[in-house]
Amino acid sequence: MIKRVRAHHLQQWKKERTPITMLTAYDAVTARIFDAAGTDMLLVGDSYGNTMLGYESTIPVSLEEMLVATRSVASSVARSFVVADLPFGSYEESTAQAVQSAIKLIKAGAAAVKLEGGERRANAIQAITDAGIPVVGHVGFTPQAENSLGGPRVQGRGTGAEQVKADAIAVQEAGAIAVVLEMVPAPVAKDITMDLEIPTIGIGAGPDCDGQVLVWTDMAGMSDWQPRFVKVFGEVGAALTDAAMMYNEAVRDRSFPEEKHTFME
């Protein structure tokens, strides 16, 4: 197994048709666990907002909040390639703003940054890439634009397929090292994957992408509701509930702490 995943390994795996694994992570504890499990890429996603901070969407997440999460994750991994999201409001104003925000995330420990949008964000991707920072694109459904997209809706159906393809190509031509395809019909995602030279990472985009990503709380059964494209691989939420209930009971019936947990002198 590779000791440390780098950008060129992602390209190598695409050529070899080796599937790439990616999970979100927002803190040191889960990052360390996912890294030890052999996860190739960890995404410090702006999903941090609605999974950990209690926000209704990703839109309120600030760059300062992303910097804290990125430092926590990056300081805790030995192998995984850490990608940090540029949150809404940190890159749209100008290419200079995009570069400065990306630099802050790299200084916090990220190996690459991710931003949403295809053709309309090509200039920002190019500018960040020119600054020597690897960029991962994100096309299809882009959560930061959910208000203009009418909510979490599949993108690329019918005539919309050509726009998603054009966005993916624009991301590649601007210098991105990979692109996330979110909520895109599987045949469209397959075509894009075959056409692009950079890896595609799917989320709700079918089995033919070069890799897959899931929000870890969905993957681990920590959410009350999961999108259709999510598969639950473990009931971590139920296990935590059971552990907390057993702890509460042990404290209340005074079976904890026992003598072995106590300093007598």
Side-chain angles (χ1 to χ4, degrees), residues 22-26 41-70 73 82-93 97-98 101-102 105 110 112-122 124-125 128 135-157 160 163-164 166-168 170-171 176 178-186 188-189 192 200-206 209 211-220 222-231:
M22 187 185 210
L23 287 170
T24 63
Y26 318 106
M41 304 175 72
L42 292 182
L43 173 62
V44 188
D46 57 3
S47 50
Y48 179 46
N50 48 326
T51 57
M52 298 291 158
L53 300 181
Y55 301 155
E56 291 187 0
S57 72
T58 65
I59 293 173
V61 178
S62 68
L63 181 59
E64 289 70 26
E65 288 167 331
M66 290 301 302
L67 291 171
V68 172
T70 300
V73 171
V82 177
V83 180
D85 265 342
L86 284 166
F88 180 70
S90 70
Y91 61 96
E92 296 90 346
E93 184 177 328
Q97 182 200 33
S101 298
L105 288 170
V113 300
K114 181 172 76 65
L115 58 81
E116 296 182 4
E119 290 181 319
R120 71 183 190 277
R121 298 299 174 214
I125 294 171
I128 296 170
V135 179
V136 175
H138 185 149
V139 303
F141 174 66
T142 48
Q144 292 174 10
E146 68 171 304
N147 290 328
S148 61
L149 293 174
R153 303 172 62 185
V154 174
Q155 302 296 306
R157 286 180 168 146
Q163 183 60 59
V164 176
D167 283 336
V171 164
V179 59
V180 171
L181 306 179
E182 181 167 357
M183 292 180 67
V184 174
V188 177
I192 293 171
T200 59
I201 309 295
I203 177 166
C209 294
Q212 299 290 331
V213 59
L214 284 177
V215 172
W216 88 259
T217 49
D218 291 337
M219 177 277 298
M222 294 280 285
S223 308
D224 294 332
W225 174 86
Q226 291 89 23
R228 172 181 172 179
F229 55 77
V230 168
K231 179 176 179 178

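Separation of atoms OG (Ser101) and CE (Met66) is listed at 11.5 Å; rounding is to 0.5 Å. With rounding to the nearest 0.5 angstrom, the CG atom of Leu42 is 12.5 Å from the CH2 atom of Trp216. Distance check: Asp167 CG to Arg120 CZ gives 7.0 Å after rounding to the nearest 0.5 Å. A distance of 5.0 Å separates CD1 in Ile192 from CG in Leu181, rounded to the nearest 0.5 Å. The CE atom of Met22 lies 11.0 Å from the CG atom of Leu214; values are rounded to the nearest 0.5 Å. Of the inter-residue distances, the one linking Ile203 atom CD1 with His138 atom NE2 reads 7.5 Å to the nearest 0.5 angstrom.
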*Dump the intermediate steps for side-chain contact (heavy atoms from CB on, under 4.5 Å) on Phe88 and Thr58, then the final yes or no.*
CA-CA 8 Å; Phe88 180 70; Thr58 65; over 6 Å; no
*side-chain contact (heavy atoms from CB on, under 4.5 Å) between Glu116 and Tyr91, worked out*: CA-CA 10 Å; Glu116 296 182 4; Tyr91 61 96; 3.7 Å; yes
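Nearest heavy-atom pair, Val184 versus Ala189, reported as atom, atom and distance to 0.1 Å: CG1-N, 3.9 Å. Of all the heavy atoms in Ser90 and Pro87, the pair that sits closest is OG-O, 2.7 Å. Between Val61 and Gly49, the shortest heavy-atom distance links the atoms CG2-CA, 3.5 Å. In terms of heavy-atom proximity, Tyr26 sits nearest to Ser47 at OH-OG, 2.6 Å. Shown here for Ala170 and Gly118, the closest heavy-atom pair between the two residues is CB-C, 4.2 Å.
In this structure a side-chain-to-backbone donor-acceptor pair under 3.5 Å is missing from Ser223 to Gln226. Side chain of Gln97 to backbone of Gly89: a donor-acceptor contact under 3.5 angstrom is found. Formation of a donor-acceptor pair under 3.5 Å by the Gln155 side chain with backbone atoms of Arg153 is found in this model. Using a distance-only test at 3.5 Å, with no hydrogens or angles considered, no donor-acceptor pair links the side chain of Thr217 to the main chain of Thr51. For the pair Asn50 (side chain) and Glu56 (backbone), a donor-acceptor distance under 3.5 Å is absent. Gln144 places a side-chain N or O within donor-acceptor distance of the main-chain N or O of Leu86, the cut-off being under 3.5 Å. Of the possible polar contacts, one joining the Gln212 side chain to the Gly206 backbone as a donor-acceptor pair under 3.5 Å is found.
Checked options Ile125, Val135, Val139, Val136; the residue passing with Val179 is Val139 (criterion: side chain to side chain contact (heavy atoms under 4.5 Å, CB included)). With Val73 as reference, Val82 is the one residue of Val68, Val82, Thr24, Leu43 to meet the side chain to side chain contact (heavy atoms under 4.5 Å, CB included) rule.
Here Asp85 pairs with Lys114 under the salt bridge (Lys or Arg N to Asp or Glu O under 4.0 Å) rule; sequence neighbours left out.
Taking the side chain as every heavy atom from C-beta outward, Leu105 and Leu67 approach each other to under 4.5 Å.
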